[in-house]
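First the proteins, then the strands, lettered A, B, ... as listed; each starts at 1.
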Amino acid sequence: MPYWLMKSEPHEFSIDDLARRKVEPWTGVRNYQARNFMRDQMKVGDRVLFYHSSCPVPGVAGIARIVGPAKPDPTQFDPRSDYHDPGSKPDDPRWLCVDVGFVRKLRGVVTLDAIRAQAAKLEGLTLLARGNRLSVFPLAERHYDLILELEPKP
DNA sequence: GCCAACGTTGGC
DNA sequence: GCCAACGTTGGC
């Protein structure tokens with residue numbers, strides 16, 4: 001499954017931060033389903049919609065791609081990290097991260113409102129599923145394309 | 001800050 | 001294995 005949506009809170013890490021960093025290890029995922037997607041299905045080269053959550057205008061803010069495969073998330077072993085997991089052992093890491101590379105920032109955010117307005121065309125999109133909280137999930141290619149068609153024109 | 005929805009934990 | 005309690009997510 002070569003298309004993904006990944007959420008980030010922009011006050012923590014935004015598309016502008018990724019534009020500066022170029023590549024960022026996607027640390028801090030602490031949900032087994034999201035981890036399993038990264039471990040079992042993500043491939044280097046896969047496309048990612050970069051989603052801003054928990055912010056004034058939630059929505060897709062940019063495009064990224066997977067540039068490094070799943071590997072142990074170092075923050076789980078750091079006692080000073082918010083993501084420290086004392087139950088995870090270095091010889092059997094519980095949490096993984098992938099490397100995410102910047103592709104481009106959209107001309108404007110494709111807002112959650114705008115996406116919802118196309119709900120009829122986006123049937124099955126996890127983002128619109130009731131109670132969805134997953135921070136990493138696969139996208140159907142047609143959903144990826146349709147969302148990008150909502151990008152504001154120049 | 002509120003709260004619905006969901007995941008995790010732990011007693012039994 | 002059940003399920004109540006608790007913690008987290010994320011839009012509003």
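Ionic pairing of A/R80 and A/D78 is present here: one or more N-O contacts between side-chain nitrogen and carboxylate oxygen are shorter than 4.0 angstrom. We find that A/E151 and A/R104 are joined by a salt bridge, their nearest charged nitrogen and carboxylate oxygen being less than 4.0 Å apart.
Backbone-only contact: A/R130 has heavy atoms under 4.0 Å from sugar-phosphate atoms and none from a base. Residue contacts shown for A/S54 include a base, since a base heavy atom lies under 4.0 Å away.
For the pair A/Q76 (side chain) and A/R94 (backbone), a donor-acceptor distance under 3.5 Å is present.
A/H11 and A/F13 have their aromatic ring centers separated by at least 6.0 angstrom.
Rounded to a whole Å, the CD atom of A/E9 is 7 Å from the P atom of C/dG10. Nucleotide B/dC6 holds its C1' atom 16 Å from the OH atom of A/Y32, rounded to whole Å. In this entry the distance linking CG of A/L134 with P of B/dG7 reads 8 Å, nearest Å. Across the protein-nucleic acid pair, A/H52 atom NE2 and C/dG11 atom C1' stand 16 Å apart, rounded to whole Å. One atom, CZ of A/R133, and another, P of C/dT8, lie 10 Å apart when rounded to the nearest Å. Spacing between atom CD of A/E12 and atom P of C/dG10 amounts to 12 Å, rounded to whole angstrom units. At whole-Å resolution of the value, CG in A/D85 and P in B/dT9 are 9 Å apart. If you measure from atom CG of A/L127 to atom C1' of C/dT9, you get 13 Å, rounded to the nearest angstrom.
Side-chain to base pairing of A/R30 with C/dT8: no donor and acceptor N or O lie closer than 3.5 Å to each other.
With C/dC12, B/dG7, C/dG11 as the choices, the nucleotide that has an atom nearest any side-chain atom of A/D113 turns out to be C/dC12.
Contact annotation: A/K7 does not reach the phosphate of C/dT9 (side-chain N/O to OP1 or OP2, under 4.0 Å).
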